[in-house]
Engineer: 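One structure follows; several queries about it will come next.
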Amino acid sequence: MLIQVLNGVVYGGLLYLLAVGLVLIFGLRQVVNFAHGALFMTGAYVGYSVAAAGYWWGGLLVAVVAMAVAGCVLDATLFRALRKQDHIVTVLVTFGLLLILETLVTVVWGKAYLRYPMPDLLSGTIEIAGSPFPVYRLFVIAVSILVALSLTAWLRFSRIGLYVRAASADARITSIQGINVDRLSLIVVGLGTALAGLSGVVAGPLLTLSPTMGNYILIDSFVVVVVGGMGSFGGAFVAAILIGQIHNFGAIYLPWASTMLPLLLMVGVLIWRPTGLGGARS
């Protein structure tokens, strides 16, 4: 049972790494980014190109930096123009971006499934409660906790974090106070896409790389954002761990309904508390 709980935490940690980028981007830009799963996938492929040459940690760094740069470009050229558009326009444009990224990855890396290498330092297993458990999965849990703590500290105790929270609450008033919201958004969107790249590389050894690998996990990530509360970082973490457990135990005990259970949870939360677990009651 403990091993199954840990497996649920692993998947929940991956969901958090991806979903928190969605929370960051939506909180400041009010953009529902359907291309986020494609950025996750692109980061995994970029990291794979370096890791396959024997530089796993270098692949992690390159993917994070490349996705951060891509996020800054997207914010300056696309998200900034979409902030005043209707949400359906945003969904259509970002979905088109998803298709473009999938096509580019197919052209560069092909359609064949690829196996992401695992770093030697994190290979092997460790015994927990009398059962073997992969060291790499403990690494995934550690990374997700480290990111959660770092983001919380950054938002609560840094000046830029204060500006981000203010702009997320009311961008116009924050701008009137002399804060350059567009420059702030560049940082936030770059950070959000960098986390997508980080989650892609971290998930790589656990998944098979394919141009559509981001589609399924993106659905669960949106469920995390809705259940946790739009713009709530703490709510996203709790929702990610909860959905990770539901996904894992559902696959064991209710395999015929495992993909439906997170959606049922989302429906229940929206009925009981429409603002999500971490959102303020209206």
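Quick caveat: nothing in here was measured; it's all calculated off a predicted structure.
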Engineer: Among L138, V5, I141, find the residue that satisfies the side chain to side chain contact (heavy atoms under 4.5 Å, CB included) test when tested with V10.
Structural biologist: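 Exactly one candidate clears the test, I141.
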Engineer: Is there a side-chain contact between V62 and V46, using heavy atoms and a 4.5 Å cut-off?
Structural biologist: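 A side-chain contact under 4.5 Å exists here.
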Engineer: Specify the closest pair of heavy atoms between D75 and S185, including all atoms of both residues, with the distance to one decimal.
Structural biologist: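 That would be OD1-OG, 2.9 Å.
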Engineer: With clusters defined by side-chain heavy atoms of hydrophobic residues (ILVMFWY) lying less than 4.5 Å apart, directly or transitively, does M67 cluster with V64?
Structural biologist: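 Shared cluster, no.
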Engineer: Side-chain contact, heavy-atom cut-off 4.5 Å: L195 with L198?
Structural biologist: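 When only atoms from C-beta onward are counted, L198 and L195 do touch, with a gap below 4.5 Å.
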Engineer: Give the minimum heavy-atom separation between S131 and I3, together with the two atoms involved.
Structural biologist: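 So the two residues come closest at CB-CG1, 3.8 Å.
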Engineer: If you apply the rule side-chain contact (heavy atoms from CB on, under 4.5 Å), what do you find for V189 with F79, and how did you get there?
Structural biologist: CA-CA 9 Å; V189 175; F79 292 165; 3.7 Å; yes
Engineer: Are side-chain heavy atoms of S123 and V135 found at a separation under 4.5 Å?
Structural biologist: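 They are not in contact (no side-chain heavy atoms under 4.5 Å apart), so the answer is no.
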Engineer: What is the ring orientation for F249 with Y253, classed by angle as parallel under 30°, tilted 30 to 60°, or perpendicular over 60°?
Structural biologist: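 Rings of F249 and Y253: parallel, as their planes differ by under 30°.
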Engineer: What distance separates F237 CZ from L17 CG, expressed to the nearest 0.5 Å?
Structural biologist: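 One gets 9.5 Å once the value is rounded to the nearest 0.5 Å.
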Engineer: Would you say the side chain of Y48 lies within less than 4.5 Å of the side chain of V201, judging by non-hydrogen atoms?
Structural biologist: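 With C-beta onward as the side chain, the pair stays apart.
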Engineer: Under 6.0 Å between ring centres, would you say that holds for W109 and Y116?
Structural biologist: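 So the answer is no for these two rings.
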Engineer: Kindly indicate, with the supporting measurements, whether the criterion ring pair (Phe, Tyr, Trp, His ring centres under 6.0 Å) is fulfilled by W154 and Y163.
Structural biologist: CA-CA 11 Å; W154 179 62; Y163 295 160; over 10 Å; no
